[in-house]
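First up is the structure itself, then whatever we jot down about it.
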Amino acid sequence: DQQVKQNSPSLSVQEGRISILNCDYTNSMFDYFLWYKKYPAEGPTFLISISSIKDKNEDGRFTVFLNKSAKHLSLHIVPSQPGDSAVYFCAATRSFNAGNNRKLIWGLGTSLAVNP
Amino acid sequence: EAQVTQNPRYLITVTGKKLTVTCSQNMNHEYMSWYRQDPGLGLRQIYYSMNVEVTDKGDVPEGYKVSRKEKRNFPLILESPSPNQTSLYFCASSLGVGPAKNIQYFGAGTRLSVL
C-alpha cells in the first residue's frame with residue numbers, strides 16, 4: 001500500500017517555464033513533508049520541506065505547497081533550468097510519534113526533463 | 001565538508017560470500033538508516049539506528065545485519081548474499097527526531113550485483 005504517491009513517472013518542460021511536480025498521501029498523521037532531488041549515480045539530496053502547520057514554503061526558485069484537506073502537495077520550480085533535470089522524490093513522516101522510528105515514507109519519484 | 005560516505009561504490013560478488021558495505025558520517029548525527037532502491041519499488045528501508053547500540057528493522061530486513069558501535073559508523077552486512085539482494089543501496093543520516101531534524105542526508109550509493 002503506497003502511502004505516498006507520485007502519479008506522474010515523468011515530466012518534460014521547456015527551459016524558463018514552470019515545472020509542477022505533484023505528490024499525494026493517504027496517512028492524515030503525516031505532519032512533515034520533504035522533497036529530494038536525485039541525479040544519476042548520486043544519492044538523493046534534500047531540496048525543500050514543509051511542516052503541516054504551513055501551506056507554503058519558498059526557497060529561491062523552489063516553492064512547495066501543501067493542501068492538507070486534499071492530502072496533496074506540489075513542488076513548483078520557476079523558472080526551470082536544464083540543471084534541474086533529475087528525479088524528484090516526495091517523502092513524508094510523522095515527526096512527533098514517540099513509538100515510531102519516524103522513518104521517511106517515500107514516493108516512487110518523478111523524472112523531470114528540462115529542455116533547452 | 002559535511003558528508004555521508006559509503007564504500008564501496010560498486011561491488012560484484014557471488015552468492016554466499018559475506019560482504020560488508022561501510023557507511024560513515026561526519027555530522028555527529030544520531031539517526032542512521034539503510035535503504036535499497038529497486039525499479040518500481042522506490043526507496044525501502046532495511047534497518048535504522050536511533051543512536052549508538054540502538055538498531056531496529058525497517059521494512060525489508062531479511063538477509064541483512066547492521067551494527068552501531070560508534071556514532072559515525074553504520075555498516076551493512078550481508079552474511080550470505082543472494083541474487084535477490086542485487087540492488088542500489090543508500091545510507092542516510094539525520095540529526096534525530098522532529099521537524100527539520102528529520103532531514104536525511106544520503107551517501108552516493110553502492111551498486112551491488114550478486115551473481
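Chain naming here is simple, since letters A, B, ... match the order of the sequence lines and numbering starts at 1 in each.
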Please indicate whether A/Arg61 has more than 12 foreign heavy atoms, meaning atoms of other residues, nucleotides or ligands, lying under 6.0 Å from its CZ. yes

Select, from B/Leu88, B/Asp56, B/Val4, B/Asp59, the one with the greatest count of heavy-atom pairs under 4.5 Å involving chain A. B/Asp59

If you look only at distance, which donor and acceptor atoms sit under 3.5 Å apart when one is on a side chain in residues 75-84 of chain B and the other is two or more places apart or in another chain?
{"residue": "B/Glu79", "atom": "OE2", "partner": "B/Lys65", "partner atom": "NZ", "Å": "2.9"}
{"residue": "B/Ser82", "atom": "OG", "partner": "B/Asn84", "partner atom": "OD1", "Å": "2.5"}

Applying salt bridge (charged side-chain N to carboxylate O under 4.0 Å, His left out) to A/Glu58 and not counting sequence neighbours gives A/Lys56

Got more than 12 heavy atoms from elsewhere within 6.0 Å of CD1, B/Ile12? no

More than 12 heavy atoms from other groups under 6.0 Å of NZ on A/Lys5: no

Shortest non-hydrogen separation from B/Gln37 to A/Phe89 and the atoms involved: NE2-CZ, 3.5 Å

Under a 4.5 Å heavy-atom cut-off, does chain A meet the side chain of B/Gln6, its backbone, both or neither? neither

Against chain A, residues from residues 107-115 of chain B with at least one heavy atom under 4.5 Å, in numeric order, are B/Gly107, B/Ala108

Below 4.5 Å from any heavy atom of chain A, which atoms of B/Arg9 appear? Answer side chain, backbone, both or neither. side chain

Hydrophobic cluster identity match, B/Met27 and B/Phe106, side-chain contacts under 4.5 Å: yes

Below 3.5 Å, can you tabulate the donor-acceptor pairs from side chains in residues 106-116 of chain A to any protein atom, sequence neighbours excluded?
{"residue": "A/Trp106", "atom": "NE1", "partner": "A/Leu104", "partner atom": "O", "Å": "3.4"}
{"residue": "A/Thr110", "atom": "OG1", "partner": "A/Ser8", "partner atom": "O", "Å": "2.6"}
{"residue": "A/Asn115", "atom": "ND2", "partner": "A/Ser12", "partner atom": "OG", "Å": "2.7"}

When rounded to the nearest 0.5 angstrom, what is the spacing between OH in A/Tyr36 and CD1 in B/Ile103? 6.5 Å

Step through the shown structure and confirm whether more than 12 heavy atoms of other residues, nucleotides or ligands are within 6.0 Å of CE on A/Met29. no

